[in-house]
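Notes for the one structure printed next.
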Amino acid sequence: MMRENDGKRLFIVVTGTANLASICALCRRAGVEPVITSNPDALYGADYALLPGVGAFGAALSTLRKTGMDGALAGRVAEGRPTMGICLGMQMLCAASEESPGAQGLGLVPLCVEKFKTAMPLPQLGWNRVEPQDPDGFIKSGWAYFANSYRITVIPEGFGGAFATNGEKFVAALEFGHGYGSPRGYRGRNAPSLLLCQFHPELSGAWGLDLFSRWMGLCGQGRQS
Amino acid sequence: MSGTAVRIVPCLDIRGGRVVKGVRFKSLVDSGEPAILAKRYENEGADEIALLDISATLEDRNTALDAVSAVRGAVSIPVSAGGGIKCASDAERLLNAGADRVSVNSAALRDPELISRIALRFGVQCVIVAIDAAGLSAKVPGTAGWRNSTQDGIARRWEVVIDAGKTPTGIDVCGWAKRCAALGAGEILLTSIDRDGTGLGYDTELVAAVVQASGIPVIASGGAVAPRHFLEGIKAGASAVLGAGVFHRGELTLSDLKGYLAENGVEVRI
């Protein structure tokens with residue numbers, strides 16, 4: 001099959017409410033072909049998968065369960081297949097969220113998501129400094145765009161990640177996989193198999209494009225528009 | 001600094017697929033191609049692009065959707081779009097075209113539940129309520145006199161004006177802003193009609209009052225042309241500051257503005 005790029009494809013989970021135009025635009029900038037799917041088998045078998053997230057925790061999870069995507073995602077994460085989650089897509093991998101009491105998360109990150117404990121206006125809307133826990137790690141420091149009222153504050157045992165501050169320190173990103181205990185070293189030396197971003201790389205300018213391109217195994221910055 | 005950087009937001013008023021800029025919502029002047037202008041602003045350091053569709057006809061509305069798509073493809077920063085949203089499906093069309101957030105104005109005042117419907121479906125971060133505010137002259141007790149600025153300790157009040165500045169409603173701006181937040185608005189885009197296009201700077205008392213009343217982020221809009229105007233809006237509590245004509249006419253570049261703000265102790269993304 002002829003492709004217009006070097007063949008890298010990103011399978012994007014349909015969650016019903018997420019606006020995918022920005023993510024597709026990011027893919028085009030990076031020279032990656034976006035494939036939007038609601039088929040669990042296609043998702044499970046994909047080289048790269050993305051769980052986007054806009055909307056509410058409980059509603060988005062019930063959509064995932066209805067379509068069987070929850071199992072496909074859990075399988076991918078367990079096997080160290082490259083999987084990214086953005087914003088609510090990160091939070092849905094946690095155990096639960098204050099946003100939707102009683103709704104069960106996918107539980108792949110053993111934490112509860114809670115509302116920011118701050119006097120700052122919520123939602124947090126705008127650009128914030130991301131500081132990696134490990135300065136030599138995969139995530140580099142820089143400005144990222146956030147749009148969230150809920151967050152986690154701890155990087156769990158076995159994970160790497162980055163922090164930002166919005167009235168209080170919170171987790172800007174989590175990484176897990178190669179370099180963080182993955183048995184398989186599934187891909188490139190630095191890229192984690194699981195990358196969860198509380199920020200929106202697709203809206204975070206050149207810094208977001210660089211992070212995404214490196215995670216996709218392309219050499220940083222992508223194809224500049 | 002303990003939160004997000006203040007956002008500088010160039011606003012593109014779009015009619016017939018072109019950027020225009022109204023002065024006091026009248027006399028429109030063509031300023032160019034939306035996607036080209038948006039990309040230029042991103043390169044100069046814009047933190048977000050606001051698109052406002054001021055079309056009057058259905059044909060122009062469809063052209064505006066194309067403009068949203070073109071801008072989305074051109075920039076890798078957030079894009080908000082508004083103008084003429086009457087229902088949740090209008091909002092959805094703009095989101096599908098590539099907007100990350102939508103702003104609702106007149107329709108939200110007529111049907112406040114519209115805010116909740118969009119917020120429930122797409123999340124609160126997605127919903128901006130645009131409020132056009134006009135100062136009300138306060139009657140000075142015991143006299144026949146009227147004042148329209150803070151004098152003699154009399155607090156100023158503002159009323160919501162809808163339909164692109166044409167219909168005064170008598171509704172108190174601060175009360176409406178508070179209700180918007182409760183209904184699920186993620187941000188207020190606050191335009192002073194009295195200042196818009198005048199170059200006199202933001203109505204900072206209005207900004208401070210709405211920041212206080214709403215408890216959600218506020219984008220200050222209307223009247224800023226000089227770097228110090230933007231600084232004043234930020235000091236009044238705005239989370240973001242919006243400008244249009246001043247950027248389109250090339251009187252002030254975003255990078256110069258950000259440099260000025262940084263020198264004055266404001267955390268900006270540089």
Side-chain angles (χ1 to χ4, degrees), chain A residues 16-26 28-30 53-60 87-88 99 116 118-129 142-150 164-170 199-210 212 222 224-225, chain B residues 1-9 35 39 42-43 45-48 68-69 71-80 91-92 94-102 119-128 181 185-188 211 214-219 237-240 267-270:
Chain A
T17 57
N19 168 36
L20 300 177
S22 306
I23 287 168
C24 291
L26 173 71
R28 279 191 292 276
R29 274 183 208 106
V54 171
F57 185 85
C87 197
L88 184 64
E99 186 184 9
F116 274 109
T118 174
M120 310 286 288
L122 292 177
Q124 169 185 216
L125 273 176
W127 297 81
N128 211 332
R129 292 282 314 181
W143 288 99
Y145 183 82
F146 291 83
N148 62 308
S149 297
Y150 297 83
T165 304
N166 182 50
E168 61 171 355
K169 200 170 160 187
F170 70 98
F199 52 82
H200 290 268
E202 76 278 19
L203 300 177
S204 295
W207 183 87
L209 176 61
D210 176 69
F212 175 74
Q224 286 293 342
S225 56
Chain B
M1 280 290 148
S2 57
T4 54
V6 168
R7 283 168 287 147
I8 315 297
V9 184
K39 183 66 188 166
E42 179 184 16
N43 291 341
D47 297 304
E48 183 168 344
V68 171
S69 297
V71 169
R72 169 73 288 149
V75 302
S76 55
I77 55 177
V79 175
S80 72
E92 191 176 5
L94 286 167
L95 293 168
N96 288 340
D100 303 293
R101 309 202 288 145
V102 291
L120 276 175
R121 177 114 188 255
F122 299 105
V124 293
Q125 81 295 330
C126 199
V127 190
I128 304 166
E187 190 160 40
I188 303 285
V211 167
S214 69
I216 57 176
V218 171
I219 309 171
S239 297
E267 189 175 36
V268 287
R269 178 182 67 109
I270 292 182

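Lettering of chains follows the sequences in order, A, B, ..., and the numbering in each one begins at 1. Note that the structure is predicted; figures quoted are calculated from it, not measured.
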Q: Among A:Ala59, A:Gly126, A:Ser22, single out the residue with the greatest number of heavy-atom pairs under 4.5 Å to chain B.
A: A:Ser22
Q.
Restricting to non-hydrogen atoms, name the atom on B:Gly3 and the atom on A:Asn128 that form the minimum distance, rounded to 0.1 Å.
A. O-OD1, 3.6 Å
Q.
Tell me whether B:Arg269 forms a cation-pi arrangement with A:Trp143, defined as NZ or CZ under 6.0 Å from the six-membered ring centre and within 45 degrees of its axis.
A. no
Q) Between B:Ile216, B:Asp100, B:Leu95, which shows the greatest number of heavy-atom pairs under 4.5 Å with chain A? A) B:Asp100
**Q.** Under 4.5 Å from any heavy atom of chain A - which part of B:Val218
**A.** neither
Q) If you tally heavy-atom pairs under 4.5 Å against chain A, which of B:Arg7, B:Arg72, B:Arg101 wins? A) B:Arg72
Q) Given that the side chain runs from C-beta out, which part of B:Ala240 has a heavy atom under 4.5 Å from chain A: side chain, backbone, both or neither? A) neither
Q) Going from CG on A:Leu122 to CD on B:Gln125, what distance comes out if it is rounded to the nearest 0.5 angstrom? A) 12.5 Å
**Q.** Part of B:Ile219 within contact of chain A (heavy atom distance under 4.5 Å)
**A.** neither
Q.
Looking only at heavy atoms and a cut-off of under 4.5 Å, which of A:Leu125, A:Asn148, A:Asn166 has the most pairs with chain B?
A. A:Leu125
Q: Taking all heavy atoms of B:Ile77 and all of A:Trp127, pick out the closest pair and write down the distance.
A: CG2-CZ2, 3.6 Å
Q. Side chain, backbone, both or neither: which part of B:Glu92 has a heavy atom under 4.5 Å from chain A?
A. neither
Q: Please name the pair of heavy atoms, one in B:Glu267 and one in A:Arg129, separated by the smallest distance, quoted to 0.1 Å.
A: OE2-CG, 4.4 Å
Q | Closest contact, heavy atoms only, B:Gly186 versus A:Pro123 | A | O-CD, 3.6 Å
Q | Inter-residue atom distance A:Leu209.CG - B:Ser76.OG, 0.5 Å rounding | A | 7.0 Å
Q: Side chain from CB out, backbone as N, CA, C, O: work out which of these in B:Val75 comes under 4.5 Å of a heavy atom of chain A, or both, or neither.
A: backbone
Q.
With chain B as the partner, which of A:Ala119, A:Ala164, A:Ala21, A:Ala147 has the greatest number of non-hydrogen pairs under 4.5 Å?
A. A:Ala21
Q) With only heavy atoms counted, which part of A:Ala25 is less than 4.5 Å from chain B, the side chain, the backbone, both or neither? A) side chain
